[in-house]
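Worksheet for the structure shown next.
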Amino acid sequence: MSAPSSAIESVLVENRVFPPSEATQKAARVAGMAAYEALCAEAEKDYEAYWARLARENVVWSKPFTQILDESNAPFYRWFADGELNASANCLDKHMGTAVEHKTAIIFEADDGQVTKVSYRELLNRVAQFANGLKAQGIKKGDRVLIYMPMTIEGVVAMQACARIGATHSVVFGGFSAKAVQERIVDVGASAVITANYQMRGGKELPLKAIVDDALQMGGCEHVGHVFVFERTATATHMVAGRDMTFAQLLDGQSTDCPPVAVDAEHPLFILYTSGSTGKPKGVQHSTGGYMLWAKQTVEWTFDMQPTDVFWCTADIGWITGHTYVAYGPLAAGATQIVFEGVPTFPHAGRFWQMIERHGCTVFYTAPTAIRSLIKAAETDEKVHPKNWNLSSLRILGSVGEPINPEAWMWYYRNVGGERCPIVDTFWQTENGGHMITPLPGATPLVPGSCTLPLPGITAAIVDETGNDLPNGAGGMLVVKRPWPSMIRNIWGDPERFKKSYFPEELGGKTYLAGDGAVRSEDRGYFRITGRIDDVLNVSGHRMGTMEIESALVSKTDLVAEAAVVGRPDDMTGEAICAFVVLKRPMPTDPEEAKALATELRNWVAKEIGPIAKPKDIRFGENLPKTRSGKIMRRLLRSIAKGEAITQDTSTLENPAILDQLSKTN
Ligand code: WTA
């Protein structure tokens, strides 16, 4: 069993450090701190030459680049702009005729446990055939294609096929609602949607196509000429004649030979929506060249990927982690990877451990929220504790998406990694394209709860509000001082918001602002992320804008007059969503009525955004705490949400009595 938490706390007090074992270090791609420092020194000495070397070594260019970094239109940076390449060719074609051609690319385990394997050759054939199908339907370079698919080989094939013909994909996570899908279809101007009739998760068959149908009916989607439907299950789904087509129909008669279309390095490979500090999600636009360089390089450095490794990143393709570390990076690195359709708790909470044993997984990459929920499961039911499975194949563990608390880190290290596997706590964001601050398994001494040091060439720093560097030990804002190849290029259709969100004038207009707070340790200068500094919450590793949830609540116009959303700490999900709601009717006096209203509002938010955005707490009040000038005092709301006594000065409040009202959770 895991150690009691008091022992872990004392470990923290000792500030224990876990250096890589000699064996791990010796065999690693970046072997030892000296090797890491040499790379950092190379980047510092000649920044552009360093990135150019990596771009030549990691990417197959159909037309070599002569330009490296173009800063003339900062902060709209361009990298390798006169070079041409194809992302899919960089993941598949380049392996043909090498030892990788007949190697397993994907080990797919379905929700029900059924396993399918495809080799690189087979995957290329499927991608090429799919790409030919898309072409035959008139989809071409520059078109945007919305993908709303389950975690399947077909999901990866759809992304790769778009890349192959130069169409820009925008993947939407299968848990988002029709409304969210519609908003993204409209914003991205999609000409086609790729979806499945159903998805299988946790033994349940959940509709996808029906949600797309609803989305397309909401208006503004006239540009969608096609819906391609993967028949994941045998259950029939409604098909619209002239618009909808099954995969079988799309692929019928198509050849498995499709030359990849070369695109400019700056051509948008994909647009992925993420939450920001306003109500509207941002379409994060990525490049092809710089992105592919970092996707491959970070797989090789951070995960020390070796030819015999079996990699498993548990992220869904609907998130950036599923883009870089499922759909592109591992394939570009020629790795064998596991793709899992289901959920970690079905049919039991030992599923991850069972799958690691079954497939001989060597490098396992997951999120703290999953680890925390599996700790809880293992502590309540011995039968699903990782000790019941043989996890000796593992050699490296990873964590991503939110800060991993030292207690969970230690449990992961002991019970999953057998005190043998380094844990790479990788800090990065949708906007970054790939890892930014992370240990390297064969080099960096690990400290639980710290993402340690920036990768070579990543100029991460901590500054105050005016952009001045802060010393170790002082908390401030995380920034990146110089552009890097895999960075966000724009917010789709909103360059002004791009500048304002990421390159604020206060910092000089050229420094990338991450939106996270961070602090470096006094002794080693290691980074620790302290959480978002904007109105973005991190719930189970998913970014949720408080404004998005507020807009969803107030769009229930028959019921809600006003709403404010804040986060509060939660043991399991990191942060939990807490909504304060002013109703258009008298406050519910009966607790049952209040509960029913809260349920109605939760379901409403699920319908507007998706179940992941459902507020955990809903509190009703006749008003919100506001200053006399009408500004909502969010700091007070955060204290109330946490259950803290209000010690702040409330004398500027319009109506102090409502604080009591708002303290009751429904
Ligand atoms: C948080 C996920 C602490 C952070 C790849 C960031 C982390 C946001 C870590 C991005 C980590 C991600 N330690 N915090 N290792 N990784 N975060 O865009 O707040 O979904 O800004 O990208 O997650 O979330 P996103």
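Every number for a ligand or one of its atoms is a count from 1 in the order of the listing.
For the pair R489 and F76, the cation-pi criterion (under 6.0 Å, within 45° of the ring axis) is not fulfilled.
Ring planes of F270 and Y291: perpendicular class, angle over 60° (limits at 30 and 60°). Between W409 and Y413, the ring planes are parallel. Angles under 30° get that label, and only those over 60° would be called perpendicular. Using bins of under 30°, 30° to 60° and over 60° for the plane-to-plane angle, the ring pair W353/F364 lands in the perpendicular bin.
A donor-acceptor pair under 3.5 Å is absent between the side-chain atoms of T546 and the main chain of V536, judged by distance alone.
At a heavy-atom cutoff of 4.0 Å, ligand 1 is surrounded by I320, T321, V400, G401, E402, P403, D425, T426, F427, W428, Q429, T430, D516, I529, R532, N538, R543.
Qualifying side-chain hydrogen bond (donor to acceptor under 3.5 Å, both in side chains) partners for Q297, counting only residues two or more places apart in sequence or in other chains: N58.
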